[in-house]
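Here the structure comes first, spelled out in structure tokens, and everything after it is commentary.
Here the structure is a predicted model, which means the values were calculated and not measured. Naming: A, B, ... by sequence-line order, numbering from 1 per chain.
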Protein chains: 2
Amino acid sequence: MTTTSDAPAVAADLALAAELRVSLGRATRRIKGERGDAGLSDPQFNVLAILLREGPMSPGALADLERIQPPSMTRTVNCLVERGLVRKDEHPTDGRQVVVTLTEAGEAEVAETRRRRDAWLSARLAGLTADERTTLVQAAELLRRIAAS
Amino acid sequence: MTTTSDAPAVAADLALAAELRVSLGRATRRIKGERGDAGLSDPQFNVLAILLREGPMSPGALADLERIQPPSMTRTVNCLVERGLVRKDEHPTDGRQVVVTLTEAGEAEVAETRRRRDAWLSARLAGLTADERTTLVQAAELLRRIAAS
DNA sequence: CCCCGGTCGTGAACGCAGGTAATGAGGTAG
DNA sequence: CTACCTCATTACCTGCGTTCACGACCGGGG
């Protein structure tokens with residue numbers, strides 16, 4: 001009715017979109033709430049996770065990955081330096097750049113925080129059936145594609 | 001079978017938990033990014049949505065639903081009053097309480113914002129197969145249960 | 001009737017995370 | 001060697017959350 005051939009599919013998409021949006025928002029809020037114990041804020045944890053996955057990089061690169069502006073990243077990184085979780089070194093060839101590197105304490109911290117978060121979520125997942133877990137595995141893949149688009 | 005016998009399932013839960021957490025976080029961030037046009041912040045929009053769904057209620061009740069402290073809700077509500085999206089009336093019998101009511105402009109605003117967000121998400125969903133959409137429908141239900149626990 | 005504990009909403013002061021604008025150090029093309 | 005560009009940082013502003021403190025109002029006992 002609206003534009004082309006399959007109005008029902010469009011209407012179903014809208015309903016699913018609304019439902020998915022609400023569920024996603026609530027679940028995410030719930031998971032984030034499971035972090036406080038370590039004293040690491042969400043952006044701080046994200047920086048550590050990136051460094052663990054991608055290796056040392058400059059503050060500017062970190063800011064790009066997190067889609068925030070460089071000054072915000074500078075502050076976050078400085079906070080992590082004070083806690084001894086990352087280190088700031090000079091770039092070997094480019095005097096402007098700074099290289100942010102994860103310390104051993106930082107590695108331990110991200111492992112610990114991740115463990116705690118995943119422990120909470122996996123405790124919930126344990127109450128599901130095998131089919132339901134499969135559904136979530138596939139949904140995780142779909143969500144990744146959606147988020148990347 | 002969930003407790004001690006099947007270690008592999010526990011390991012799979014941990015992996016799924018980690019993957020789901022990342023995917024959820026990214027998708028949610030992406031969706032939230034699709035809101036800015038209306039000038040309504042996320043907590044403000046949430047208040048309007050609650051009022052539309054549940055009907056008029058006191059600031060304290062709103063604060064409870066949003067899991068924030070009353071002063072924060074007072075500020076958010078006042079901001080919405082200034083924009084003409086909600087109205088604050090005296091409670092008919094209890095002089096302490098205030099009743100927050102959605103105005104017509106508020107109704108229109110939440111409908112518009114919701115339409116814009118869902119339009120973005122449903123555009124992504126349109127690129128999926130029927131099976132994949134079914135997966136997401138089921139996942140939305142599972143996520144709701146997880147978030148409620 | 002008046003007081004008294006409890007509840008509700010709010011004001012003030014603070015913390016944290018994001019943004020923009022401007023600055024300074026360092027590289028690079030001409 | 002000069003001019004332009006990039007990178008990180010500094011200073012300041014905004015939004016949203018918190019805690020603490022206070023005034024307004026309801027209810028029940030003296």
Original post:
Pick from A:V98, A:T76, A:D64: which one makes a side chain to side chain contact (heavy atoms under 4.5 Å, CB included) with A:P59?
Top reply: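 Between A:P59 and the candidates, side chain to side chain contact (heavy atoms under 4.5 Å, CB included) is satisfied uniquely by A:V98.
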**OP:** Could you run through nucleotides 10-17 of chain D and give me one letter per nucleotide, 5' to 3': B if any protein heavy atom sits under 4.0 Å from the base, S if only the sugar-phosphate is that close, - if neither?
**Re:** B-----BB
Original post:
Between which nucleotides of DNA chain C, read 5' to 3', does contact with chain B run, using atoms under 4.0 Å from its heavy atoms?
Top reply: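 Range of nucleotides within reach of chain B: C:dG6 to C:dG11.
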Original post:
Near DNA chain D, which residues from residues 51-59 of chain A have a heavy atom under 4.0 Å away?
Top reply: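 Contacts with DNA chain D under 4.0 Å: A:S58, A:P59.
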Subject >> Residues touching DNA chain D, which here means a heavy atom under 4.0 Å, drawn from residues 91-98 of chain B >> reply: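 B:T93, B:D94, B:G95, B:R96, in order of number.
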Residues two or more places apart in sequence or in another chain: which of them pass side chain to side chain donor-acceptor pair (under 3.5 Å) with [X]?
X	result
B:D89	B:R87
A:N78	A:K88
B:R114	none
B:E141	B:R144

Original post:
Does the side chain of A:K88 get closer than 4.0 angstrom to OP1 or OP2 of D:dT9 through an N or O atom?
Top reply: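 Checking A:K88 against D:dT9: at least one side-chain N or O falls below 4.0 Å of OP1 or OP2.
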Original post:
So how far is it from A:I50 CD1 to A:E66 CD, rounded to the nearest 0.5 Å?
Top reply: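 A:I50 CD1 to A:E66 CD: 4.0 Å, rounded to 0.5 Å.
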Original post:
Hey, what do you get for CE (B:M73) to CD1 (B:I68), rounding to the nearest 0.5 Å?
Top reply: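 Answer rounded to 0.5 Å: 3.5 Å.
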Subject >> Contacts of B:A126 that satisfy side chain to side chain contact (heavy atoms under 4.5 Å, CB included) - sequence neighbours left out >> reply: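 Side chain to side chain contact (heavy atoms under 4.5 Å, CB included) list for B:A126, sorted by chain: A:D13.
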**OP:** Check side chain to side chain contact (heavy atoms under 4.5 Å, CB included) between A:Q97 and all other residues, then give those that pass, not counting sequence neighbours.
**Re:**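 In terms of side chain to side chain contact (heavy atoms under 4.5 Å, CB included), with neighbours along the sequence ignored, A:Q97 is linked to A:S58, A:H91, A:D94.
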Subject >> Linked, directly or transitively: A:V99 and A:V47 (ILVMFWY side chains, under 4.5 Å) >> reply: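 Cluster IDs for A:V99 and A:V47 differ.
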**OP:** List in chain and number order the residues that pass salt bridge (charged side-chain N to carboxylate O under 4.0 Å, His left out) with B:E107, two or more places apart in sequence or in another chain; answer none if no residue qualifies.
**Re:**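 With sequence neighbours excluded, B:E107 shows a salt bridge (charged side-chain N to carboxylate O under 4.0 Å, His left out) to no residue whatsoever.
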Subject >> Qualifying residues under salt bridge (charged side-chain N to carboxylate O under 4.0 Å, His left out), relative to A:R21, sequence neighbours excluded >> reply: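 Salt bridge (charged side-chain N to carboxylate O under 4.0 Å, His left out) check on A:R21 returns B:D118.
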